[in-house]
S.K.: 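Next up is a structure, given as structure tokens.
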Amino acid sequence: GAVVSQHPSRVICKSGTSVKIECRSLDFQATTMFWYRQFPKKSLMLMATSNEGSKATYEQGVEKDKFLINHASLTLSTLTVTSAHPEDSSFYICSARGEGLVHNEQFFGPGTRLTVL
Amino acid sequence: AQTVTQSQPEMSVQEAETVTLSCTYDTSESNYYLFWYKQPPSRQMILVIRQEAYKQQNATENRFSVNFQKAAKSFSLKISDSQLGDTAMYFCAFILYYGGATNKLIFGTGTLLAVQP
């Protein structure tokens with residue numbers, strides 16, 4: 001199956017700093033990428049959808065200026081948490097779908113655990 | 001709007017036994033996909049099984065099978081011969097067949113399955 005990677009897998013940062021998380025599709029071109037946030041033992045909460053070369057579509061209640069999403073190429077999307085605070089600590093997961101894959105099937109990255117001190 | 005409901009927050013099953021996880025959904029559309037995803041303690045999302053709504057035959061993947069009842073909007077997952085490695089959070093998900101560039105998965109709240117030795 002198609003592979004999606006995320007980097008870093010874990011990050012610890014101080015309050016007020018910015019953190020960038022990368023999501024890469026390794027063996028396919030990702031026309032659409034998704035960013036999710038997940039709290040322990042809870043479901044995935046979609047934050048935003050990004051299509052290559054265009055602005056991300058954010059879900060209601062997600063702060064666009066806090067969670068900056070860039071999808072500059074067909075294999076890379078980034079999520080930047082700006083001025084992170086302890087309440088931003090969470091598990092962030094990306095997923096992707098693309099051309100040539102099973103219709104509407106999404107492939108998930110392994111996730112990034114963010115801890116803000 | 002589409003919704004997915006999983007009414008069993010937690011379930012437990014003995015190794016080698018069979019267990020069924022429930023999922024109901026609501027939509028006014030007729031063309032869509034349904035999925036079951038598994039999220040083990042590693043938190044990597046893994047696709048277990050997929051069902052296209054236009055197919056009457058229930059999907060099966062080795063020990064995993066579904067009971068898809070379109071009229072009742074029900075999509076349960078049966079795990080036969082349960083193994084310790086099946087211990088995970090299981091999410092039911094829905095996506096429209098045609099939903100445009102921002103077509104997105106709608107997840108249920110999840111069922112935490114524990115397989116007991």
Side-chain angles (χ1 to χ4, degrees), chain A residues 1-6 8-10 23 30-60 62 69 71 74 77 90-99 101-114, chain B residues 1-11 21 23 25 29 31-55 59 61 87-114:
Chain A
V3 179
V4 175
S5 70
Q6 269 183 254
S9 57
R10 289 175 179 263
C23 177
T31 50
T32 307
M33 285 185 163
F34 304 85
W35 287 95
Y36 297 87
R37 184 173 180 176
Q38 187 182 32
F39 293 102
K41 296 189 178 182
K42 297 295 184 182
S43 190
L44 280 68
M45 182 186 76
L46 180 65
M47 300 173 67
T49 302
S50 72
N51 292 291
E52 186 265 340
S54 58
K55 289 184 178 181
T57 301
Y58 288 81
E59 294 298 301
Q60 193 170 8
V62 177
I69 290 171
H71 189 169
L74 283 171
S77 177
S90 192
F91 193 69
Y92 292 88
I93 303 174
C94 74
S95 72
R97 63 174 182 234
E99 297 295 329
L101 301 178
V102 175
H103 186 224
N104 271 336
E105 186 163 342
Q106 288 179 215
F107 297 88
F108 288 83
T112 297
R113 183 179 302 283
L114 170 63
Chain B
Q2 286 68 231
T3 60
V4 176
T5 301
Q6 293 179 251
S7 59
Q8 305 152 315
E10 295 187 22
M11 293 191 72
L21 280 56
C23 173
Y25 59 94
E29 302 289 335
N31 293 321
Y32 48 86
Y33 292 97
L34 293 161
F35 303 88
W36 278 98
Y37 284 93
K38 167 185 177 180
Q39 188 180 40
S42 68
R43 301 190 79 169
Q44 170 73 60
M45 293 286 284
I46 301 166
L47 177 64
V48 175
I49 203 163
R50 173 186 42 243
Q51 176 80 44
E52 291 91 338
Y54 64 86
K55 289 187 177 179
E61 286 289 340
T87 293
M89 182 76 96
Y90 287 81
F91 293 103
C92 178
F94 168 103
I95 192 167
L96 291 173
Y97 192 88
Y98 291 117
T102 56
N103 196 18
K104 58 190 179 185
L105 282 168
I106 308 298
F107 286 97
T109 50
T111 296
L112 183 60
L113 176 67

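Sequence lines set the chain letters: A, B, ... in the order given, protein chains first and strands last, and positions in each chain run from 1.
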S.K.: Tell me whether B:Gln39 contacts the main-chain N or O of A:Ser43 through its side chain, where contact means a donor paired with an acceptor under 3.5 Å.
M.R.: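 Side chain of B:Gln39 to backbone of A:Ser43: no pair is present.
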
S.K.: Heavy-atom pairs under 4.5 Å with chain B are the metric here; pick the option from A:Thr32, A:Leu46, A:Asn51, A:Thr57 that has the most.
M.R.: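 Going by pairs under 4.5 Å, I would pick A:Asn51.
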
S.K.: Run the side chain to side chain contact (heavy atoms under 4.5 Å, CB included) check on B:Leu105 and A:Glu105 step by step: do they pass?
M.R.: CA-CA 9 Å; B:Leu105 282 168; A:Glu105 186 163 342; over 6 Å; no

S.K.: Enter the distance from A:Gln38:CD to B:Phe91:CZ here, rounded to the nearest 0.5 Å.
M.R.: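 Result: 5.0 Å between the selected atoms.
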
S.K.: So which atom in A:Arg113 and which in B:Arg43 form the shortest heavy-atom distance, rounded to 0.1 Å?
M.R.: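 Residues A:Arg113 and B:Arg43, closest heavy atoms: NH2-NH1, 3.3 Å.
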
S.K.: What part of A:Gln6 gets closer than 4.5 Å to chain B, counting heavy atoms only: side chain, backbone, both or neither?
M.R.: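 The answer is neither part of A:Gln6.
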
S.K.: With a 4.5 Å limit on heavy-atom distance, are the side chains of A:Arg97 and B:Asn103 in contact?
M.R.: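 Side-chain contact under 4.5 Å: yes.
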
S.K.: Between A:Phe91 and chain B, which part of the residue has a heavy atom less than 4.5 Å away: side chain, backbone, both or neither?
M.R.: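 For A:Phe91, side-chain heavy atoms alone lie under 4.5 Å from chain B.
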
S.K.: List the steps, then state whether side chain to side chain contact (heavy atoms under 4.5 Å, CB included) holds for A:Leu44 with B:Met45.
M.R.: CA-CA 10 Å; A:Leu44 280 68; B:Met45 293 286 284; 4.0 Å; yes

S.K.: Is chain A contacted by the side chain of B:Tyr97, its backbone, both, or neither, given a heavy-atom distance below 4.5 Å?
M.R.: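 It is both, since atoms from each part get that close.
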
S.K.: Do the non-hydrogen side-chain atoms of B:Leu47 and A:Gln106 ever get within less than 4.5 Å of each other?
M.R.: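 Of all side-chain heavy-atom pairs linking A:Gln106 with B:Leu47, none is under 4.5 Å.
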
